[in-house]
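To start, the structure under review is shown below, and the notes come after it.
Because only heavy atoms are used, hydrogens play no part in the values below, and waters and symmetry mates are left out as well, while side chains stay in. Lettering follows sequence order; numbering is per chain, from 1.
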Amino acid sequence: MPELPEVETVRRGLAPTMEGARIVRLELRRKDLRFPFPEGLEARATGRNIVALGRRAKYLLIDLDDGTTIISHLGMSGSFRIEAGPVSDWPGEFHHLQSKDEKHDHAIFHLEGPHGISRVIYNDPRRFGFMDVVHRSEIDLNPFLFGLGPEPTGNELSAAYLAERFMGKTQPLKSALLDQKNIAGLGNIYVCEALWRAHLRPARAAATIVTKTGKPTKQMELLVASIRDVIADAIKAGGSSLRDHIQTDGSLGYFQHSFSVYDRESLPCRTPGCSGTVARIVQAGRSTFYCPVCQK
DNA sequence: ATCGGATCCTGTCCGC
DNA sequence: TGCGGACAGGATCCGA
C-alpha cells in the first residue's frame with residue numbers, strides 16, 4: 001500500500017542496506033514497468049555508490065555519488081525486499097521458498113556494502129510502478145515531481161495554504177485531497193482516514209471549509225491537523241511493525257494496518273459515542289468509506 | 001479551467 | 001474445483 005507512510009517505511013527499511021553500498025550491477029529483467037526504464041539506466045547505476053536514500057511524496061529517491069538520483073515509484077503493487085549473502089549461498093529449494101513471486105522481480109540492485117553482499121529486489125505484479133533517473137540539481141523539474149504539493153509532515157502544509165488551494169472549488173474534498181498538487185503523498189486510504197478523523201463528509205465541496213475571503217474555517221484547521229496525525233501515526237506504526245517483518249521472512253513489503261474507517265463497510269463507526277455504520281460509496285471510480293452519522 | 005471516467009496490469013476473493 | 005466478475009494502495013490522458 002504505497003502511500004506516503006508506506007514509502008517512508010520502505011525507505012527506512014532499505015537505508016541500512018543501501019546507504020554507503022556500491023551498486024555492483026543493476027539488473028533489469030524486462031525493458032519496462034508502466035513506462036520503459038530510462039535509456040542506459042543499468043550502465044548509469046553500475047559502479048556507483050549510494051550516498052543517501054530519500055523520499056518525496058510517494059517517490060523513493062536513491063541518491064548516487066555522481067550527482068544523479070534514481071526515482072522509484074511503487075505504483076499499486078510494488079515492493080522491495082532484501083536478500084543477504086551471495087546468490088550461490090542459497091540452496092535451490094530454500095531459494096525457491098524465499099521467492100514465490102520471482103516472476104515479478106523486475107529490477108535487482110546487486111550491492112556490495114559494509115555489511116557484505118546483498119540484493120535489493122523490486123517486485124511489482126501489476127507493473128504500475130516506474131523508475132526514472134535525473135540530475136539532483138534538476139530534480140524538481142522532473143515531470144513526475146514537478147508541481148507536487150507540500151509534504152503533510154512538514155511546516156509547509158498549513159490550513160491557510162490549503163484554504164487558498166480549495167477556494168472556489170466545487171470538487172469533493174475526497175478528490176481534492178487525492179490531488180498530489182494540493183498535498184503530496186496522500187492516497188485513498190489516508191484520505192478516508194483523515195476525513196473521518198475530521199468528521200467531514202468526503203462528498204462535500206472543497207470550498208465549503210473555506211471562508212469567502214479564502215481563509216481557513218475551524219473545519220479546515222481540524223482537517224489539516226487530522227491529516228498530520230494520520231500520517232504521523234501510520235509512519236510510527238510502520239516503523240514498529242517493520243522490524244518483525246524483516247525478522248520473519250526477510251522481506252520489506254507492506255504490513256496490515258488497522259484502519260478506523262477504510263475497508264470497514266457495514267461495520268460500526270469507531271468514533272466514540274457514534275452509533276453510525278460505515279458506508280461505502282464510489283467517487284471518481286474509487287471506493288470511499290465514511291460514517292454518514294458523524295461525518296458532516 | 002475543472003471535472004469524471006477510462007486505462008495500464010495481475011492477483012485475489014466471492015458467489016454460483 | 002472451476003469460472004466469471006468485482007475489486008485492489010496510483011497517476012495520466014482524454015473528452016465533456
Side-chain angles (χ1 to χ4, degrees), chain A residues 1-11 29-37 55-60 71-80 99-107 122-132 142-149 152 164-196 202-208 210 230-231 233-235 237-238 241 245 252-266 280-289:
Chain A
M1 58 188 88
E3 300 184 30
L4 186 157
E6 288 73 30
V7 179
E8 178 60 22
T9 299
V10 167
R11 188 194 71 76
R29 304 182 63 186
R30 50 179 299 132
K31 64 178 193 332
D32 59 4
L33 296 171
R34 179 171 181 191
F35 308 114
F37 284 108
R55 180 192 58 73
R56 171 77 171 106
K58 302 172 192 172
Y59 296 87
L60 185 71
I71 300 174
S72 168
H73 194 289
L74 304 180
M76 296 273 253
S77 59
S79 64
F80 282 96
S99 49
K100 46 200 172 214
D101 214 22
E102 216 173 46
K103 65 172 169 170
H104 298 304
D105 290 348
H106 304 310
Y122 178 71
N123 181 287
D124 189 356
R126 291 178 74 179
R127 302 202 303 275
F128 282 6
F130 50 89
M131 291 188 190
D132 203 355
N142 177 268
F144 296 115
L145 302 186
F146 183 79
L148 281 178
E164 227 170 273
R165 299 282 310 187
F166 283 9
M167 185 168 54
K169 277 202 195 304
T170 57
Q171 188 183 28
L173 280 172
K174 166 81 187 294
S175 311
L177 293 174
L178 276 178
D179 186 342
Q180 303 296 299
K181 290 179 166 49
N182 292 327
I183 303 180
L186 298 183
N188 207 32
I189 292 176
Y190 296 113
V191 166
C192 290
E193 295 290 307
L195 287 169
W196 174 81
R204 254 178 91 154
T208 62
V210 181
V230 160
I231 295 298
D233 288 355
I235 291 175
S241 60
H245 206 216
L252 269 181
Y254 312 127
F255 43 89
Q256 198 55 48
H257 263 291
S258 59
F259 303 116
S260 295
V261 71
Y262 181 84
D263 205 22
R264 285 180 48 81
E265 185 181 12
S266 303
R280 173 183 173 272
I281 58 171
V282 175
Q283 293 180 284
R286 311 193 61 191
S287 289
T288 297
F289 299 88

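- Taking a pair as Watson-Crick or G-U with both hydrogen-bonding distances under 3.5 Å, the stems of three or more pairs touching DNA chain B are B:2-8 with C:10-16, B:10-16 with C:2-8.
- Remark: of the listed residues Leu178(A), Leu177(A), Ile231(A), Ile231(A) is the sole one forming a side-chain contact (heavy atoms from CB on, under 4.5 Å) with Tyr190(A).
- Ile189(A) places its CD1 atom 12 Å from the C1' atom of dG10(C), with the value rounded to the nearest Å.
- Donor-acceptor pairing under 3.5 Å, judged by distance alone, is absent between the side chain of Arg127(A) and the base of dC9(B).
- dA11(C) sits 24 Å from dA1(B) when the P atoms are compared, rounded to a whole Å.
- OP1 or OP2 of dG4(B) has at least one side-chain nitrogen or oxygen of Ser175(A) nearer than 4.0 Å.
- Put simply, CD1 on Ile281(A) is 11 Å from P on dG4(B), counting in whole angstrom units.
- Applying the 4.0 Å criterion to OP1 and OP2 of dG4(B), one finds that Lys174(A) has every side-chain N and O outside that range.
- One can place CG of Leu33(A) at 17 Å from C1' of dT7(B), the figure rounded to the nearest angstrom.
- The distance from atom CG of Asp263(A) to atom C1' of dC13(B) is 12 Å, rounded to the nearest whole Å.
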Query raised in the report: Can you list the steps and then say if Arg127(A) with Arg30(A) is a side chain to side chain contact (heavy atoms under 4.5 Å, CB included)?
Result: CA-CA 11 Å; Arg127(A) 302 202 303 275; Arg30(A) 50 179 299 132; 3.2 Å; yes
Report task. For each nucleotide in nucleotides 11-16 of chain C, reading 5' to 3', give B when a protein heavy atom comes within less than 4.0 Å of its base, S when such contact involves only the sugar-phosphate, and - otherwise. Result -> BS----
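- At whole-Å resolution of the value, OH in Tyr262(A) and C1' in dA8(C) are 7 Å apart.
- Computed from coordinates, the Glu3(A) CD to dA8(C) P distance equals 13 Å when rounded to whole Å.
- Contact between the side-chain N/O atoms of Gln171(A) and the OP1/OP2 oxygens of dT2(B) is not found at any separation under 4.0 Å.
- Residue Ile183(A) contributes atom CD1, which lies 14 Å from atom P of dG10(C) at whole-angstrom precision.
- Put simply, the side chain of Glu8(A) never gets that close to the backbone of Ile235(A): no donor and acceptor are under 3.5 Å apart.
- Between Arg126(A) and dG10(C) there is no side-chain N or O to OP1 or OP2 distance below 4.0 Å.
- Here the C1' atom of nucleotide dC9(B) and the CG atom of Asp124(A) are 9 Å apart, to the nearest Å.
- Distance alone, capped at 3.5 Å, is enough to place a donor-acceptor pair between the Ser77(A) side chain and the Arg126(A) backbone.
- A distance-only check finds a donor-acceptor pair linking the side chain of Arg56(A) to the backbone of Leu148(A) [under 3.5 Å].
- Across dG11(B), dG10(C), dC3(B), the shortest atom-to-atom separation from the side chain of Pro125(A) is found for dG11(B).
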Report task. List the steps and the verdict of side chain to side chain contact (heavy atoms under 4.5 Å, CB included) for His104(A) and Asp124(A). Result -> CA-CA 6 Å; His104(A) 298 304; Asp124(A) 189 356; 6.0 Å; no
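- The listed nucleotides are dA8(C), dG11(B), dC8(B); the one nearest the side chain of Phe128(A) is dC8(B).
- Side chain of Asn182(A) to backbone of Ala176(A): a donor-acceptor contact under 3.5 angstrom is found.
- Dashed line: the shortest gap from a side-chain N or O of His104(A) to OP1 or OP2 of dC9(B) is not under 4.0 Å.
- The backbone N or O of Ala206(A) lies less than 3.5 Å from no partner atom in the side chain of Gln171(A), so there is not a single donor-acceptor pair.
- Looking only at distances, no side-chain donor or acceptor of Gln283(A) sits under 3.5 Å from a matching main-chain atom of Ser175(A).
- When the nucleotides dC7(C), dT10(B), dG10(C) are ranked by their closest atom to the side chain of Ser287(A), dC7(C) comes out on top.
- Using bins of under 30°, 30° to 60° and over 60° for the plane-to-plane angle, the ring pair Tyr59(A)/Phe144(A) lands in the tilted bin.
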